[in-house]
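These notes are about the structure you will find just below.
Labels below follow one simple rule: chain letters A, B, ... track the order of the sequence lines, proteins then strands, and each chain is numbered from 1. Side chains included, hydrogens not; waters and symmetry mates left out as well; all remaining heavy atoms used.
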Amino acid sequence: EDTVDPNAKQGGAITITYKDDVATLDPAIGYDWQNWSMIKSLFDGLMDYEPGTTNLKPDLAESYEISPDGKTFTFKLRHGVKFHNGREMTAEDVKYSLDRVTNPKTQSPGAGFFGSIKGYDDVAAGKAETLSGVTVVDPYTVKFELTRPDATFLHVMAINFSHVVPKEEVEKYGADFGKHPVGTGAFKLAEWTLGQRIVFERNADYWHKGLPHLDKITFEIGQEPIVALLRLQKGEIDVPGDGIPPAKFQEVMADPEQKARVVEGGQLHTGYVTMNTTMAPFDNVKVRQAVNMALNKARIIQIINGRAVPANQPLPPSMPGYDKAYKGYPYDVAKAKALLAEAGHPDGFDTQLFAMNTDPNPRIAQAIQQDLAAIGIKASIQSLAQANVIAAGGDKAGAPMIWSGGMAWIADFPDPSNFYGPILGCAGAVPGGWNWSWYCNKDLDAKAAEADSVVDPAKAAERDKMWSAIYDKVMEDAPWAPVFNEQRFTMKSARMGGADNLYVDPVHIPINYDNVYVKDVQ
Amino acid sequence: MTSTPETILTIANLCVSVRGEEGSREVVSNLSLTLKRGETLCIAGESGSGKSMTALAIMQLLPQPAARISAGTIHLGATELTALDERRMRHIRGDRIAMIFQEPMTSLNPVLSIGRQLTESIEAHTSLSPAEARQRAIEALKAVRISEAESRLRQFPHELSGGMRQRVMIAMALALEPDVLIADEPTTALDVTVQGEVLELLRDLQQKHGTSVILITHDMGVVAEMADRVIIMRHGRMVEEGKTSDIFARPQAEYTRELLAAVPRIGSGAGRQKSREAEAATPAKVAEVTDLHVRFDLRGGVFGRVTRRVHAVEGVSFSIAPNETLALVGESGCGKSTTAKALAGLVPYSGDIVVGGRNLSGLGRDERKAVRRDVQMIFQDPYASLDPRMRVGDLVAEPLLIHGIASKEERRERVAALFDRVGLSSDQMELYPHEFSGGQRQRVCIARALALRPKLIIADESVSALDVSVQARVLDLLKELQREFGVAYLFISHDMAVVENISDRVAVMYLGQIVEMGTRDQVFSNPRHPYTRRLIEAVPVPDPARRPSRFARLDQEIPSATRRIGEAPLKLALSDVGNGHLVAAEG
Amino acid sequence: MIAYLGRRLIQSLLILLGVSLITFALLYLLPADPVRQIAGRSATPQTVENIRQQLGLDQPFVVQYWHYLTKLVSGDLGRSYIQRSEVTELIVSRLPASLLLMVGAILCELLIGLSMGLIAAVKRGTATDQTLMVASFIGVSAPQFVVGLLLLYVFAVRLSWFPIGGYGTWRHLVLPSLTMGILGAGWYARMMRSSMIDVLRQDYVRTARAKGLARGAIIFRHALPNAILPVVAMIGIDIGIFMGGIVVVESVFGWPGIGQLAWQAIQRVDIPIIMGVTLVSAFAIVLGNLLADIIAPFIDPRIKLR
Amino acid sequence: MTSPIAPDLMAGRMPAKPRAGVWRRLVKRRLALLGLVTVAIVVAGAILAPWLTGYDPNEQMFDGLTIEGSPLPPSAKFWLGTDLLGRDLLTRILYGARTSLIIGIVANGVALLIGTLVGVTAGYFRGWIGGALMRFTDLMMAFPALLLAICLAAVFQPSLWIVAMVIALVNWVQTARVVYTETSSLAEREFIDAERTIGAGAPRILFRHILPHLLPTIIVWGTLGISTTVLLEATLSFLGIGVQPPTASWGNIIFENQTYFQAAPWLVFFPGAAILALALAFNLIGDALRDILDPTQRGRA
Ligand SMILES: Nc1ncnc2c1ncn2[C@@H]1O[C@H](COP(=O)(O)OP(=O)(O)OP(=O)(O)O)[C@@H](O)[C@H]1O
Ligand SMILES: Nc1ncnc2c1ncn2[C@@H]1O[C@H](COP(=O)(O)OP(=O)(O)OP(=O)(O)O)[C@@H](O)[C@H]1O
Ligand SMILES: [Mg+2]
Ligand SMILES: [Mg+2]
């Protein structure tokens with residue numbers, strides 16, 4: 001097919017390291033940095049993206065049709081796609097997989113993505129076992145009916161949670177399916193030694209001829225990033241899954257040979273400071289704007305060795321709907337002070353800034369703290385474990401300000417709506433929710449719903465505009481102070497081949513396992 | 001006795017000094033002596049006179065870092081010991097000079113088996129194979145008449161009684177047939193019967209191997225029985241030297257005469273007061289003990305149930321009147337100390353103990369403190385019963401402090417006076433227990449017990465470590481206090497001579513029970529129980545002319561006081577054989 | 001002996017029960033809501049409640065604890081909230097590595113620490129003594145992460161004597177054990193020196209000298225066994241300290257032990273794993289104490305198992 | 001009857017010496033003096049920090065980082081270099097001494113105190129008090145300290161004093177165990193019985209007679225505890241309990257920068273050396289005290 005690299009060689013094995021454990025390889029559950037792209041290689045969904053880009057393309061589906069009202073999606077499935085156990089995948093499997101992921105017993109963290117499918121509420125409430133909106137038309141056709149037009153639906157069909165699983169294997173392993181994953185993907189699981197090693201093996205029956213290139217991928221688990229880099233330098237591994245550790249960044253960049261193997265790319269990521277809009281004094285928009293103007297983003301980026309670009313709006317630059325024209329709040333201490341004075345805080349005030357405790361987040365928080373101090377805001381830092389920060393954010397009276405780093409939004413799929421719902425919309429502004437600024441603008445919620453009902457691909461640009469407007473309005477109310485969009489810097493061994501964008505794939509993080517190859521096989 | 005004139009050890013002008021906090025002082029001054037092959041030389045003398053220091057100096061084992069040889073030479077044959085380095089000295093120690101230390105309890109390594117400790121020195125100095133060394137060790141144990149020598153090799157020191165430990169020490173010292181054996185108070189810690197055995201053993205061995213022995217002791221009875229020659233020391237100097245018979249018959253030095261005069265003799269009149277009538281009728285006893293039982297539970301099983309018991313004291317009854325001294329005698333392990341401890345409130349007991357009209361059980365805190373003031377105890381082991389980190393002056397002042405007696409200056413004065421009374425100088429108040437000799441420590445303990453002027457003093461072997469002169473002094477002091485304040489004593493001792501000297505009444509204990517009790521005269525002049533008789537016979541006589549050919553020996557092992565649950569020991573019935581002389585039926 | 005063990009085991013079980021109760025209670029009181037984490041960012045309140053019910057987290061504390069205990073009896077530690085695997089399986093798969101590391105580390109610290117302490121005590125007051133004590137303090141004061149990386153850098157990267165992290169052969173074990181051991185060695189060296197100095201003044205050492213024994217025999221046969229007793233009592237304590245350091249060392253050396261599991265669980269409040277690891281480490285500590293008590297009579301025959 | 005023998009006077013009488021003060025004997029020893037001076041310097045540095053340095057410990061200086069954002073090595077301007085945020089390291093170490101002294105001395109001291117009290121009490125009083133205390137200690141020992149810390153962090157507002165308290169709560173256990181073992185063997189010694197017979201109460205026996213014997217152990221644990229607690233504080237801060245950034249402490253400086261030990265070794269070396277120096281200083285003092293307070297060691301130089 002079109003996407004296969006003509007230079008690619010077949011065969012070879014690579015080694016990749018990760019610090020944290022791989023929790024599960026069940027597509028309905030896995031939601032981590034490490035397992036996200038592994039699952040993508042073991043399973044397939046109806047939709048996918050072109051390697052290294054954010055462009056949607058059909059995957060298990062051969063083609064799809066959208067009804068004019070945008071509420072019915074019909075997918076034609078590819079023939080002859082086989083699960084790793086040899087059975088052919090059919091429309092029944094698609095339906096089963098979606099029933100499964102939305103069933104509360106599965107306890108999937110991604111169930112909410114399917115909220116627009118008819119019958120979702122019944123399933124979620126435990127009143128029904130299957131989604132009434134998903135019907136098997138014939139073994140190779142599956143039809144989705146939605147309760148409202150949903151422009152993101154094709155993206156939803158590409159995220160891991162909608163990947164297709166074989167019923168018999170799920171039932172065989174029950175809750176342990178995540179340890180014995182069986183999918184249709186380019187690789188199949190060959191070995192899993194808990195806490196040590198996961199080995200993927202090429203799926204010889206993969207429907208996409210010519211893929212994958214590699215015979216074997218070994219993931220070594222539990223290694224400190226700094227040690228992983230040492231091993232890379234010694235040629236023992238091929239890709240450090242956690243990237244280049246900050247402490248080694250300068251050293252790597254100073255060495256031309258190593259620098260040549262560094263790949264840089266954008267990410268669907270924004271780092272921001274939330275301000276609790278229900279909590280004085282942040283209930284005053286002027287205060288929030290003042291904070292936006294007080295931050296010296298260039299300095300903050302300097303601290304992380306320039307591995308980011310300044311952000312002025314919630315969406316990252318590579319996201320459709322990013323408003324290039326938007327200038328954002330300038331760095332202007334005097335004006336920020338003036339605004340504070342206008343808001344009735346000429347001498348500033350005391351507050352707290354929460355941040356996650358892993359490097360470099362406490363450092364960034366300290367830089368922010370110093371910037372705030374310059375306009376009189378004395379923020380004390382609470383540097384806590386991830387779960388504690390999340391808990392504080394989900395408590396209405398919990399955290400006045402949170403630096404999002406380490407827990408921040410990395411988009412589930414490349415669509416502007418993905419930055420709104422749970423983190424800026426009213427739906428997320430509930431106890432235990434993820435809208436940490438507790439910003440709830442009914443108006444904008446309505447506008448967002450409107451934008452998401454523009455399903456027609458032809459109107460995509462128009463829809464993006466609508467989203468830009470929404471985010472501009474958000475920035476007017478300034479519940480966040482966007483700080484930067486992190487750039488990904490990764491490294492590979494000299495033998496690794498494939499286009500650079502495969503190594504900073506916006507969707508397959510850290511790399512697109514299916515498409516990379518090694519140069520040293522004959 | 002072989003009498004080769006050959007000299008084996010020569011000490012010339014030996015000076016040992018110890019460094020204190022503020023400069024050093026000499027504890028052995030200008031000591032010169034010679035030891036001939038096969039000879040037994042006794043060093044006797046005042047406690048603290050430098051006897052142990054001399055012995056340690058010969059071994060080059062003076063306590064570090066305090067003491068050192070400041071002058072003089074020690075020749076073993078032609079070898080000058082003080083000039084030897086540690087490595088070469090090592091070959092001398094154990095092989096040519098062996099030593100038995102004053103404290104048998106602490107001188108054996110608690111974590112090594114007897115066998116290991118015996119064979120290792122054999123292996124260190126000979127080229128014997130392990131099996132041969134083991135054989136030699138067994139022989140050595142047999143030589144000191146330890147039963148079941150082979151199985152003993154696997155035992156550990158704490159599994160042996162005090163007497164056996166001392167015999168192991170001797171076996172260890174003699175295994176290599178050294179030229180010189182130094183025995184520092186080898187019998188002080190032992191009761192009479194065991195003491196007799198040990199001394200006899202030493203003599204036997206010496207005759208067999210021709211070993212030269214330096215025997216340090218303050219017991220003139222032992223000196224008389226063992227020594228060929230005697231050296232009398234005082235204040236670090238030798239005051240007299242001579243043949244044993246000469247010294248006993250014609251002491252030259254004033255101090256020697258004092259020493260000999262002070263020796264308590266059994267059955268002799270020296271210092272023996274007229275036996276007072278037991279004041280049985282006096283209603284107000286100081287202490288009344290009725291049917292005292294002390295049992296130590298030995299636990300076992302999953303739930304830690306008691307499976308066996310040590311019947312340390314089984315139904316002992318006695319009473320002590322004011323002004324009276326009751327002596328408690330008996331073999332090691334018969335329950336003397338335990339009885340004393342019960343009386344002092346240190347072990348749980350059943351039965352009744354009434355002190356000064358108050359029953360000890362069920363007293364409130366303050367009452368108990370008051371009773372404590374009335375009953376004081378002097379412990380068997382003087383070193384162990386003094387807090388090694390306190391100055392002795394503070395230790396003696398402590399009872400006064402606790403009971404809120406006297407102001408600070410008065411306390412100091414009283415302590416100084418007490419020191420004076422027990423024969424210590426008030427300068428020594430500033431020293432720590434380890435800076436004293438064994439006997440000096442015991443005097444500190446006595447001073448401490450006297451501080452509160454109690455109504456009853458329990459003295460557990462409290463004069464056995466003292467040299468006779470001080471012993472006499474202390475005994476006099478005790479009597480003096482009795483006269484002045486009407487103090488009563490429970491006097492525990494294995495030294496029958498001393499007992500005869502001081503006691504009004506005597507109780508003989510065996511296996512936790514009293515087998516004979518009566519006035520001193522009744523018990524000593526007319527011992528009825530065979531066990532009592534044996535005890536009296538075993539006492540060494542301080543007269544070289546009257547050396548017995550053989551010590552009476554206890555052949556069998558002491559029966560155990562440990563029994564299974566439910567197996568109570570047979571209770572002995574005491575019958576009165578006249579005038580309150582109680583004797584148990586034999587059985 | 002058997003009886004003693006039985007009694008001690010009952011006591012140990014009670015301690016474990018206490019540990020489980022306290023841990024469970026503390027985790028119950030923790031403000032972070034596990035259900036929210038399971039349900040994900042886009043979950044509706046309804047879904048959240050549903051999951052809460054499924055996990056029984058809506059039950060009162062006592063009921064929850066009782067459920068936990070009853071499952072515990074059959075060896076079931078529940079399922080991880082985040083990893084979704086059986087906690088028992090997770091722990092069992094990682095335990096051997098941690099145990100191996102523990103054995104290696106304890107061997108290292110004993111070997112290094114005891115010999116340092118011994119030499120220091122024998123050479124008391126000399127330059128050797130002082131150097132050794134400074135070294136032991138460096139061991140105690142040096143951050144383990146740095147020590148680990150330094151060892152890795154020198155011996156694995158530069159000299160290639162050992163592999164750069166990983167698990168499998170004895171060569172993998174050396175550096176992590178050493179890293180853990182250096183800290184412990186500092187402690188043991190200090191303790192050993194202190195107790196050795198005490199022992200060297202005892203009468204029986206004088207006796208041994210009087211027998212003319214060689215210096216080595218005096219030190220190793222007579223003094224060492226006596227001095228080592230307080231050190232043995234340290235074993236239980238040591239396992240506790242070990243549990244603290246294991247996280248760092250395991251992650252530096254990519255050692256697949258329970259330390260990493262625990263650390264990740266703590267960061268994400270994965271309660272079943274925290275409970276499981278807590279119980280396992282408590283068990284190890286209790287066992288360590290027991291072991292110390294059992295060894296003691298072999299070293300010092302005066303000590304009776306009571 | 002008068003005694004026939006005069007009190008034995010010692011040859012070469014010892015002068016009745018005043019009890020030389022512990023302090024005086026301490027400063028006479030060279031090494032102990034070195035330790036005292038070091039501690040004094042650290043304490044003075046902590047107190048006088050504002051006057052000793054021209055920088056603010058929290059000021060992230062523009063010229064404190066390279067353009068790429070790397071910290072600066074030691075130089076004439078920044079004597080010990082700068083940290084990852086461009087702050088003067090020397091200044092942070094000086095101010096950090098305040099935190100670390102409180103942790104290393106106060107928290108560690110309290111832990112030692114609690115541990116000793118519990119251990120001594122449990123070791124001396126058999127029966128239910130001792131049993132209960134020891135079972136409690138066993139329980140605490142088996143209980144993971146970090147967990148307790150996290151929970152406390154969630155309950156309290158993190159602060160230096162909370163972390164000090166947590167460290168004290170966590171660290172006493174080990175001391176208690178060791179002291180317990182030693183006390184129970186001391187309590188069996190005869191001189192304790194002897195004290196009872198003269199009417200000494202439990203407090204007197206415990207504090208005047210047992211405690212001095214525990215001193216060597218307490219000194220060992222106390223001095224070793226300094227490094228451990230200072231480093232433990234960093235772990236706790238990391239988990240959100242304890243001093244929060246930007247407040248400096250020696251442990252935190254190391255902890256924040258330990259991954260940079262190759263890129264910027266001064267960031268780990270200097271605070272590490274400070275901890276080591278403090279711990280060693282106390283060790284020297286402790287060693288000397290141990291000898292001075294142990295009468296059997298008199299005469300040792
Ligand atoms: N470690 C020490 N430090 C200081 N002085 C000591 C030390 N050991 C003993 N002395 C002193 O040395 C002197 C001689 O003691 P030594 O032990 O030789 O006496 P002794 O003749 O054996 O007495 P005893 O019969 O009581 O055992 C005594 O005055 C004692 O106070
Ligand atoms: N704490 C204890 N636990 C168990 N048994 C004990 C204990 N204390 C003493 N015994 C035993 O009680 C018995 C009596 O001991 P006690 O100390 O009273 O003997 P004694 O007559 O004073 O002997 P000695 O003359 O050797 O001092 C001995 O068998 C001893 O082993
Ligand atoms: Mg002596
Ligand atoms: Mg006794």
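Shown here for D/Phe191 and B/Pro388, the closest heavy-atom pair between the two residues is CE2-CD, 3.9 Å. Taking every heavy atom of both residues into account, D/Gly199 and B/Ile402 meet most closely at O-CG2, 3.4 Å. Residues D/Ala194 and B/Ser385 come closest through the heavy atom pair CB-O, 3.5 Å.
Counting only distance, with no hydrogens or angles, the side chain of B/Arg372 and the backbone of D/Arg196 share a donor-acceptor pair below 3.5 Å.
Two residues are said to be in side-chain contact when any heavy atoms from C-beta on lie closer than 4.5 Å; B/Leu395 and D/Glu195 meet this criterion. Using a 4.5 Å heavy-atom cutoff, the side chains of D/Thr197 and B/Val375 are not in contact.
For the atom pair D/His213 NE2 and B/Arg389 CZ, the distance stands at 6.0 Å (nearest 0.5 Å).
Between D/Ile198 and the choices B/Arg373, B/Met377, B/Gln376, the side-chain contact (heavy atoms from CB on, under 4.5 Å) rule is met once, by B/Gln376.
Among residues two or more places apart in sequence or in another chain, the salt bridge (charged side-chain N to carboxylate O under 4.0 Å, His left out) test is passed with B/Glu398 by B/Arg448, D/Arg204. Taking the ring pair (Phe, Tyr, Trp, His ring centres under 6.0 Å) definition, one finds that D/Phe143 meets it with nothing, sequence neighbours left out.
Few gaps surround CZ on D/Phe125; more than 12 heavy atoms of other groups in view lie less than 6.0 Å from it. In this structure, B/Arg257 places its CZ atom where more than 12 heavy-atom neighbours from other residues, nucleotides or ligands lie under 6.0 Å away.
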Could you give me the CA-CA distance, side-chain angles and deciding distance for D/Arg208 and B/Leu401, then say whether side-chain contact (heavy atoms from CB on, under 4.5 Å) is met?
CA-CA 13 Å; D/Arg208 297 277 304 183; B/Leu401 186 73; 6.0 Å; no
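B/Leu346 touches chain D through its side chain: at least one heavy atom from C-beta onward sits under 4.5 Å away, while N, CA, C and O do not.
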